[in-house]
Protein chains: 2
Amino acid sequence: MGDEKTELYVPSPRLPPRKGLPPFEALRAFDAVAQLGGVRKAADYLYRDQTVISRHLRTVEDWVGAKLIVRTPSGSMLTEQGSQYHKQIAAAIDAIAAATADLVKRGDTGSLHIRCMPGFALHWLSRRLGSFEESHPGFYTVHPAERRPDFLSFDADVEIRFVAGYNHESEPPEEFRSSLIVHSPVLAVASPEYLARSAPIHEPHDLLQHQLLHEESFDRWRNWLGSYQVKDAADLTGPRLWQGHLTLHAACQGRGIALANYVIASEDLAAGRLVDVGADKAGFQPQAMGTYYFIAKANRWDSSLIRRFRDWLTDAVRADFPNLKTS
Amino acid sequence: MGDEKTELYVPSPRLPPRKGLPPFEALRAFDAVAQLGGVRKAADYLYRDQTVISRHLRTVEDWVGAKLIVRTPSGSMLTEQGSQYHKQIAAAIDAIAAATADLVKRGDTGSLHIRCMPGFALHWLSRRLGSFEESHPGFYTVHPAERRPDFLSFDADVEIRFVAGYNHESEPPEEFRSSLIVHSPVLAVASPEYLARSAPIHEPHDLLQHQLLHEESFDRWRNWLGSYQVKDAADLTGPRLWQGHLTLHAACQGRGIALANYVIASEDLAAGRLVDVGADKAGFQPQAMGTYYFIAKANRWDSSLIRRFRDWLTDAVRADFPNLKTS
DNA sequence: TCACAGCGGTGATCCTCCGGCACCAGGAGT
DNA sequence: ACTCCTGGTGCCGGAGGATCACCGCTGTGA
C-alpha cells in the first residue's frame with residue numbers, strides 16, 4: 001500500500017462510460033411479462049417462481065425510476081412508457097438470442113453419445129430427439145444403459161438414469177456430475193381388460209393377489225409395496241422380464257400389473273391402453289417417487305454440446321410434464 | 001404430491017422458446033475486450049479485476065462452442081467468428097443502454113440534497129457536479145456536514161463522509177445504509193516554501209518540532225502520529241482551524257503542516273502548491289488510511305435518483321484516482 | 001353471500017455465480 | 001538475464017437470484 005502514493009492527478013480522460021445497465025435477468029422477466037400479460041404466465045414461461053418475476057419487475061422499475069407496469073387482479077399490463085421501453089428491449093434481446101443461436105449452429109460439429117435406460121429411450125427420447133436435431137444439428141447416437149451404473153466404463157458422453165426415491169443424494173464419485181431432470185411418481189399400471197377380468201383392487205395390499213410383472217429382480221415391487229406399508233411381500237412371484245419397458249409392454253397386453261414411472265407410461269395412459277391402478281383410491285395416495293438424473297463427466301459438463309442437450313432435455317421434459325416437480 | 005397424479009398428457013404446445021442466452025455479464029466483458037483489444041484494458045474499463053474478464057471470456061466461448069478470441073502476450077484479438085458475433089452483440093447492448101438511459105432521463109424530476117464535508121465539497125464535488133447534471137438533469141443542493149455524524153436530524157438525501165481507518169465496520173444503526181467510495185491515504189502536507197525555511201523532516205517524529213495545523217481537536221494529529229509509532233505526542237499545540245479545508249488552505253499559505261487525504265489534496269499537490277512531507281522517505285512508508293463513505297436512508301437506497309448519483313460518484317472518483325483502492 | 005380460484009406481493013432462507021486477491025506462466029523489449 | 005507486459009488458476013467471500021410458505025385483493029359462481 002505504501003507504493004501507492006504517486007502524485008499523478010488524472011483528470012478523467014475516460015471513454016464513453018457505457019455503464020449502469022439494469023440487471024439482465026430482470027429485463028428478461030420484464031420482457032416475458034410484457035409479452036404474456038401476467039406475472040404468473042411469465043414465470044411459467046421462464047420456468048421460474050412467480051415471486052422471482054415479481055421482484056424483477058420491481059427492480060426494473062426502481063432502476064429506471066418510472067412506472068412501467070400496471071398490476072391488476074386479472075393480470076399485468078404495460079404503461080405507455082413501459083410499452084415503448086419494451087419494444088426496444090425486446091428487439092435487443094431477440095438480436096442477442098438470434099446472433100447466439102446462429103453462432104451456436106455454425107459451430108456444431110461434434111457428435112453426442114447418449115446412454116439411457118431402454119424405457120425412456122423408447123417411450124420418450126426417440127420421438128423427441130428429432131426436435132433437438134432440428135434446432136441443434138449434429139449426430140447423436142442412443143445406447144441403452146444397463147440397470148446398474150457402470151461408471152468405470154463410461155463410454156457415452158451423457159447418461160440419463162432413473163433412480164427410485166425422492167432425495168437421492170448419493171452422487172457418483174468425483175469426475176462425474178449429475179443434475180436432476182424431473183421427479184416422477186411410480187405407478188402400478190395395467191390394461192383395462194386385465195383389471196376387468198381380475199379381482200378388484202381397493203388398497204395396495206390387494207396387489208399381492210395379482211400377477212405382478214417384474215424386471216430383473218423382485219426388489220422393485222417389494223420396495224414399492226413397502227412404501228405403502230405392505231409388509232408381507234417377502235416372497236413375490238411372477239414373470240421376470242428383465243427390463244422396464246418389457247413389463248410395460250406386457251401390461252399393455254393384459255398380462256399383469258407393471259410398475260412404471262409417469263414419464264414413460266403417460267402415453268399409454270392417455271391412449272387408454274393402460275390404467276393407473278391406484279387412481280382415485282385413497283390407499284394409494286402418497287405415491288412412491290423416482291427421479292430422472294442427467295449425468296456427464298464433470299470436466300465436460302459445461303461444454304457447448306452437452307450443456308445444450310441438457311438444457312433442451314430439461315426444457316422438453318418440463319414442457320411435456322408441467323405437473324411434475326423439477327426441483 | 002398425491003394430488004399430482006392427473007392423467008393429462010400435454011404434447012408441448014409451447015411458445016417460441018426464446019431461451020438459453022449466455023450470461024449477460026459475460027457478454028459485456030466480451031464486448032469490452034473486443035472494443036479495447038485486451039483483457040486488462042477491458043477490466044479497467046469495467047472496473048473489474050482482470051481475472052473476472054478472463055473467466056467471462058471463457059464462459060462465452062464455452063457457451064457458444066466456438067473460438068471467438070485469440071489471446072496473445074500482447075493483447076487479445078477477435079477471430080472472424082468473434083468479430084461477426086461482436087457486431088451484433090454490441091449493437092444490442094447499445095440499444096439496451098440507449099433505451100434505458102432515455103427512459104431514465106425522461107423520468108427525472110426529483111431534486112437531490114447532498115450533504116458532505118466542506119473539504120470534499122470544495123476540492124472535488126463542486127467542480128464535478130456539473131458533469132453529473134449533464135448526464136442526469138435535475139436539481140441538486142450541497143450542504144456542508146458537521147464533523148460529528150448526526151443521524152437523528154438527517155435532513156439530506158445522501159451524505160458523503162470521511163472517516164479515519166481502513167476497516168471501519170461500525171455502521172450507522174439501522175435505517176441507514178452505507179457503502180465504501182474509496183480508500184485514501186492521509187498525508188502530511190505543507191507548502192514548499194514552508195519546508196524550505198523549516199527544519200528538515202526525515203522521520204515522523206521530527207514533525208513534533210513543527211507547526212502542526214489542527215482541526216477541531218488535536219486527536220487527528222495524535223492518532224496519525226500514533227500510527228507511525230510516535231508515542232510522545234500527548235500534548236500537542238498549534239492553531240486550531242476547526243475544519244479540514246481550512247487547514248489545507250493554511251498549509252498552502254505556508255503557515256504549517258496539515259493533515260489531508262489524497263482526494264482533497266491531489267489538486268494542490270499536482271500544482272506544486274503543496275508537497276507530501278513523507279514522499280520518498282522510508283519512515284513514512286506505511287501510511288495512515290482513511291475512507292470515504294456514501295450514506296443514505298436504507299429505504300431509499302435503491303431509488304432511482306440516489307442509486308444513479310451513487311453510481312456516478314463512485315465511477316467519477318475511481319476515474320480520477322485510479323491508484324486508490326475502492327474495495 | 002360466501003367459498004374459491006385467480007391474480008400479484010412479502011419475508012425468510014438457501015445457494016449459485018460473480019468478483020476479488022494472491023499467485024503462476026509465458027513472451028517481448030530492453 | 002531481468003523486468004514488464006500479457007493472460008490464466010486456486011481459492012474464498014458476498015450479492016443477487018431462486019425457492020417455499022404465506023398473505024391480501026378481486027371477480028365469480030354455487
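Convention: sequence-line order gives letters A, B, ...; per-chain numbering from 1.
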5'-most by nearest nucleotide on DNA chain C - Arg40(B) or Thr59(B):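 Here Thr59(B) is the residue nearer the 5' end.
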Position toward the 5' end of DNA chain C (nearest nucleotide), Asp49(A) or Ser74(A):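 So the residue in question is Ser74(A).
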Exercise: identify the closest heavy-atom pair between Ile96(B) and Thr100(B):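 So the two residues come closest at O-OG1, 2.7 Å.
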Closest-nucleotide 5' rank along DNA chain D - winner of His56(A) and Leu57(B):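 The residue mapped nearer the 5' terminus is Leu57(B).
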Pro73(A) vs Pro73(B), nearer the 5' end of DNA chain D by closest nucleotide: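 Here Pro73(B) is the residue nearer the 5' end.
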Polar side-chain contact Arg55(B)-dG20(C) base: donor and acceptor under 3.5 Å: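 Result: at least one qualifying N/O pair found.
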Side-chain donor/acceptor contact of Arg71(B) with base of dG26(C) under 3.5 Å: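 Looking at the base of dG26(C), it does not pair with any donor or acceptor on the side chain of Arg71(B) (distance under 3.5 Å).
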Any base atoms under 4.0 Å from [X], or only sugar-phosphate, or nothing? Heavy atoms, all strands.
| X | value |
| --- | --- |
| Thr51(B) | base |
| Val52(A) | base |
| Arg58(B) | sugar-phosphate |

Lys87(A) vs Glu80(A), salt bridge (Lys or Arg N to Asp or Glu O under 4.0 Å): CA-CA, chis, key distance, verdict: CA-CA 11 Å; Lys87(A) 281 186 197 126; Glu80(A) 179 54 34; 5.7 Å; no
N or O in side chain of Ser54(A) less than 4.0 angstrom from dG9(C) OP1/OP2: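 So the side chain of Ser54(A) is within the cut-off, an N or O lying under 4.0 Å from OP1 or OP2 of dG9(C).
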Aromatic ring proximity, centroids under 6.0 angstrom, Trp63(A) and Phe30(A):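 Not under 6.0 Å, so no.
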Arg161(A) to Tyr293(A), cation-pi by 6.0 Å centre distance and 45° axis angle: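 Here Arg161(A) fails the 6.0 Å and 45° test against Tyr293(A).
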